[in-house]
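Below, each value reflects all heavy atoms present in this structure, side chains not excepted, and no hydrogens, waters or symmetry copies.
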Amino acid sequence: MADKPQNPYDFLPQVPSFTVTSRDVEDGGTLPTPQLSGIFGAGGTDTSPHLAWSGFPEGTRSFAVTCLDPDAPTGSGFWHWAVYGIPANVTELPTGAGSEDGAGLPAGAVQLRHDGGIRQFLGAAPPEGHGPHRYYFVVHALDTDQLEIVDENSSPALLCFALSGHTLARGTLLATYER
């Protein structure tokens, strides 16, 4: 993957990191079938993975969770998932929390439309023969529980713009997939 750009989070202000784990996705591993897209024809079920986090800073008031494929042939990457308003006392999301009805998300959490236009987790579906794509599952620990410029109709890119001024720390789980 030498021709792939560096970690897109390297371009943001540097913050401490914390631990993100999953029972479904191995950090550094290949995305399993449930985390592939059925909607985009990759043979999966668009099931968001279990995510758990620990070691975030004291003073965290809320969390946001995002999933970005920076290797998509778009010039801007492809957002697969974006959720904000996760209360500070929540330290994990169950498998499938990113369903279209969002029933597995905690009260107060807001799930945005991904770049495919649907308000749910969208599994991996890189173009065939395009090589390996990286999927950054990132948990952002925030110093606020209110993001003034973001609402349920915002894009994931606007959410991340708003996060940049409120991120205390960031935890990352990275997986890959290619067709």
K.L.:
Checking Thr167 now: which residues fulfil side-chain hydrogen bond (donor to acceptor under 3.5 Å, both in side chains) with it, not counting sequence neighbours?
P.N.:
none
K.L.:
Please list, chain by chain and in numerical order, all residues satisfying ring-ring contact (aromatic ring centres under 6.0 Å, His included) with His140, sequence neighbours excluded.
P.N.:
none
K.L.:
Is the shortest heavy-atom distance from the side chain of Thr66 to the side chain of Trp79 under 4.5 Å?
P.N.:
yes
K.L.:
With rounding to the nearest 0.5 Å, note down the distance linking CG in Asp46 to CG in Leu122.
P.N.:
5.0 Å
K.L.:
side-chain hydrogen bond (donor to acceptor under 3.5 Å, both in side chains) with Gln120: which residues, sequence neighbours excluded?
P.N.:
none
K.L.:
Give every residue pair that meets the ring pair (Phe, Tyr, Trp, His ring centres under 6.0 Å) criterion with at least one member in residues 90-127, sequence neighbours excluded.
P.N.:
Trp81-Phe121
K.L.:
Taking the side chain from Glu26 and the backbone from Asp24, do they hold a donor-acceptor pair closer than 3.5 Å?
P.N.:
no
K.L.:
Kindly state each residue pair satisfying ring pair (Phe, Tyr, Trp, His ring centres under 6.0 Å) with at least one member in residues 144-179, sequence neighbours excluded.
P.N.:
none
K.L.:
Start with the C-alpha distance between Tyr84 and Leu163, add both sets of side-chain angles, then the distance that settles side-chain contact (heavy atoms from CB on, under 4.5 Å), and finish with yes or no.
P.N.:
CA-CA 9 Å; Tyr84 73 97; Leu163 296 178; 5.5 Å; no
K.L.:
To the nearest 0.5 Å, what is the distance between CG (Asn7) and CG (Leu174)?
P.N.:
7.5 Å
K.L.:
Nearest 0.5 angstrom please: Thr21 OG1 to His50 NE2, how far?
P.N.:
6.0 Å
K.L.:
When rounded to the nearest 0.5 angstrom, what is the spacing between CG in Asp115 and OG in Ser155?
P.N.:
8.0 Å
K.L.:
Suppose we screen for side-chain hydrogen bond (donor to acceptor under 3.5 Å, both in side chains). Which residues come up paired with Ser22, at least two apart in sequence or across chains?
P.N.:
none
K.L.:
By salt bridge (charged side-chain N to carboxylate O under 4.0 Å, His left out), which residues pair with Arg179, not counting sequence neighbours?
P.N.:
none
K.L.:
Supply the atom-to-atom distance Glu178 CD to Asp71 CG, rounded to the nearest 0.5 angstrom.
P.N.:
11.0 Å
K.L.:
Atom CD of Gln35 and atom OG of Ser48: how far apart are they, to the nearest 0.5 Å?
P.N.:
7.5 Å
K.L.:
Return the set of residues passing ring-ring contact (aromatic ring centres under 6.0 Å, His included) with Phe63 (not counting sequence neighbours), or none when no residue passes.
P.N.:
Trp53, Phe56
K.L.:
Of all residues at least two apart in sequence or in a different chain, which pass the ring-ring contact (aromatic ring centres under 6.0 Å, His included) check with Phe18?
P.N.:
none
K.L.:
Under the salt bridge (Lys or Arg N to Asp or Glu O under 4.0 Å) definition, can you give me all pairs with a residue in residues 55-65, not counting sequence neighbours?
P.N.:
Arg61-Asp145
K.L.:
Between Leu147 and Leu159, is there a side-chain heavy-atom distance shorter than 4.5 Å?
P.N.:
yes
K.L.:
Enumerate the ring pair (Phe, Tyr, Trp, His ring centres under 6.0 Å) contacts for residues 88-112, please, sequence neighbours excluded, ordered by first and then second residue.
P.N.:
none
K.L.:
Can you tell if the side chain of Arg119 reaches within under 4.5 Å of the side chain of Val83, non-hydrogen atoms only?
P.N.:
no
K.L.:
Any salt bridge (Lys or Arg N to Asp or Glu O under 4.0 Å) pairs touching residues 83-96, not counting sequence neighbours?
P.N.:
Arg23-Glu92
K.L.:
Does a side-chain heavy-atom distance below 4.5 Å link Leu31 with Phe137?
P.N.:
yes
